[in-house]
Amino acid sequence: MSDKRKIILDVDTGTDDAVAIMCAYLDPAIDLIGVCTVAGNKTLPFTTENTLRVKDLLKADFPVHKGCSVAMVSTLLPNRHGDYKGQRTQVEGMDKPIEIHTDYLELPPSVSKVEPEHAVWYYIDTLMKSDGDITLVPVGPLTNVAMAMRIEPEICGKIKEIVLMGGGRNRTNTSIAAEFNIWADPEAAQIVMDSGCPIRIVPLDATQRACINADETKYLRTLNNPVATAVADCVDHRILAYSHLQPMERLDSAPVHDALAVCAVAHPEVLKDVLFTRVDIDISGGFADGQTIVDPRAYTDRPRNAYFAMNSDRDLFASWMMDCVKRFQA
Ligand code: RIB
Ligand code: CA
């Protein structure tokens with residue numbers, strides 16, 4: 001009986017999702033049994049192709065299942081999300097605007113293919129057949145997970161834990177009130193909050209305090225290991241983009257949001273100042289649409305439903321990431 005944590009990653013790959021997949025695959029404490037893709041940072045064809053490119057780089061055999069291409073309901077009201085195109089800005093000397101996520105990761109076009117089963121049905125089939133020992137790690141919009149819960153509510157009793165990257169209490173990024181993954185599909189996030197599953201939330205309050213810096217990417221490049229180089233490429237791209245779009249406390253650093261959620265799966269001590277409270281999502285479509293509403297009261301009107309990390313251990317996270325990528329055997 002393996003004591004590894006069995007996980008299914010749900011990704012909108014993305015530069016930080018890519019690092020999350022690599023570390024999940026290489027962390028000896030994790031058994032990455034499958035990866036599901038969802039629209040988010042980019043449209044579904046891009047997020048799926050990028051996920052396959054990472055799988056090929058890793059020479060991995062985990063199945064990749066393509067999921068939902070659009071949020072459950074939020075895009076039905078065009079004024080609700082406006083014409084969000086993601087942050088971008090023109091930087092002198094660059095031929096196109098810089099974004100945190102590129103359409104394609106700078107990796108060779110994929111060779112591996114997606115599985116025929118849609119991600120939502122993969123969740124339902126896999127969870128219903130399981131012994132209740134699978135952890136879901138969604139690090140994009142929660143559309144796939146919520147759709148699976150709506151189609152087969154029984155899966156909620158078969159999920160060991162949900163460790164999700166999303167939300168923010170004192171920090172936001174996509175709007176005055178919201179973090180991207182939750183903002184992109186607020187109804188899906190509320191369905192997950194109401195699921196009754198054990199939930200650990202890794203929000204911006206934690207991820208933005210665990211930035212990886214240029215000294216660490218320089219070190220990664222000395223390892224002469226294609227995965228370490230790919231991680232350095234993703235993080236250096238993020239450092240450049242963040243310095244222009246969302247400057248962090250240390251200008252030559254950037255958060256690698258999704259990888260912190262993966263680290264927390266088998267190394268919960270990386271999260272600090274963790275609250276156990278009630279978390280709900282604003283789905284009103286107003287200014288605060290997609291906000292994670294974290295109940296600050298000692299008593300809560302509704303049952304407490306999530307552990308919410310307000311901080312993180314940056315050095316532990318960085319050393320974990322280095323240890324993971326060093327394990328890659330070309
Ligand atoms: O807000 C950060 C989150 O949004 C990360 O998961 C990033 O990949 C984007 O999906
Ligand atoms: Ca993501």
Side-chain angles (χ1 to χ4, degrees), residues 7-24 35-44 46-51 53-54 64 67-71 74 81 84-88 99-105 119 136-145 162-186 188-189 192 200-212 231 234-235 237-239 241-242 245-246 248 254-265 281 289-292 308-309 312 317:
I7 75 166
I8 297 174
L9 254 179
D10 200 286
V11 292
D12 59 333
T13 311
T15 46
D16 58 330
D17 308 70
V19 179
I21 297 167
M22 292 184 244
C23 291
V35 180
C36 295
T37 65
V38 69
N41 286 318
K42 294 292 175 182
T43 58
L44 188 61
F46 287 117
T47 61
T48 302
E49 167 60 18
N50 288 330
T51 301
R53 291 189 180 193
V54 175
V64 176
C68 296
S69 60
V70 67
S74 60
H81 277 185
Y84 178 80
K85 292 278 183 295
Q87 278 190 308
R88 64 188 67 190
E99 299 177 87
I100 293 171
H101 304 284
T102 49
D103 284 346
Y104 291 110
L105 291 176
L136 304 190
V137 186
V139 293
L142 289 158
T143 316
N144 291 336
V145 176
I162 297 175
V163 181
L164 70 91
M165 190 281 137
R169 185 178 184 193
N170 301 327
R171 300 204 178 192
T172 68
N173 57 11
T174 301
S175 76
I176 190 173
E179 174 280 329
F180 176 77
N181 288 341
I182 307 301
W183 176 90
D185 197 339
V192 172
R200 255 186 302 155
I201 298 175
V202 183
L204 294 175
D205 306 86
T207 64
Q208 290 186 352
R209 288 190 172 90
C211 289
I212 301 297
V231 168
C234 287
V235 176
H237 175 88
R238 293 176 64 80
I239 289 172
Y242 266 80
L245 296 169
Q246 296 179 38
M248 295 286 114
V256 191
H257 307 285
D258 300 342
L260 184 63
V262 169
C263 181
V265 170
I281 312 298
D289 196 41
Q291 181 178 31
T292 40
F308 191 94
S312 56
F317 173 55

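Counting starts at 1 for both ligands and their atoms, following the listed order. From a predicted model like this one, the values you see are computed outputs, not experimental measurements.
Of the heavy atoms in Asp17, only side-chain atoms (C-beta onward) come closer than 4.0 Å to ligand 1. Heavy atoms of Thr207 found under 4.0 angstrom from ligand 1: none, in either backbone or side chain. Only side-chain heavy atoms of Asp258 come within less than 4.0 Å of ligand 1; its backbone N, CA, C and O stay farther off.
Residue Met165 has at least one heavy-atom neighbour below 4.0 Å for each of these atoms of ligand 1: 2 (C), 3 (C), 5 (C), 6 (O). Ligand 1 places these atoms under 4.0 Å from at least one heavy atom of Val139: 6 (O), 10 (O).
The closest side-chain donor-acceptor pair between Thr47 and Asp12, if any, does not fall under 3.5 angstrom. With hydrogens and angles left out, the side-chain atoms of Thr15 and Arg238 include a donor and acceptor closer than 3.5 Å. Residues Thr51 and Thr37 have side chains that never bring a donor and an acceptor to within less than 3.5 angstrom of each other.
Here the angle centred on the Ca ion (ligand 2), running from OD2 of Asp17 over to OD2 of Asp258, is 70°, rounded to 10°. Take the Ca ion (ligand 2) as the corner point: the lines to O of Val139 and to OD1 of Asp12 open at 90°, to the nearest 10 degrees.
The shortest N or O to N or O distance between Asn173 and ligand 1 is below 3.5 Å. Considering backbone and side-chain N/O of Gly140, none are found under 3.5 Å from N/O of ligand 1.
Applying the side chain to side chain donor-acceptor pair (under 3.5 Å) test between Asn41 and each of Asp103, Asp17, Thr13 identifies Asp17 as the sole match. Lys42 pairs with exactly one of Glu49, His101, Glu99 by the side chain to side chain donor-acceptor pair (under 3.5 Å) rule, that one being Glu99.
The nearest protein atom to atom 9 (C) of ligand 1, hydrogens excluded, is given as Asn41 OD1, 3.0 Å; this is a heavy-atom distance. When hydrogens are left out, the protein atom nearest atom 8 (O) of ligand 1 is Asp16 OD1, 2.6 Å; that is the closest non-hydrogen contact. Atom 2 (C) of ligand 1 has Glu179 OE2, 3.3 Å as its closest protein atom, hydrogens excluded (heavy atom only). Regarding atom 4 (O) of ligand 1, its nearest protein heavy-atom neighbour is Asn181 OD1, 3.2 Å.
Ring geometry, Tyr104 versus Phe46: the interplanar angle exceeds 60°, so the pair is classed perpendicular (tilted spans 30 to 60°).
A donor-acceptor pair under 3.5 Å is formed between the side chain of Asn173 and the backbone N or O of Phe180.
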- Walk me through it: do Asp185 and Thr143 pass the test side chain to side chain donor-acceptor pair (under 3.5 Å)? CA-CA 7 Å; Asp185 197 339; Thr143 316; 2.6 Å; yes

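Among all heavy-atom pairs drawn from Val256 and Asp16, the shortest one is CG1-CB, 3.9 Å.
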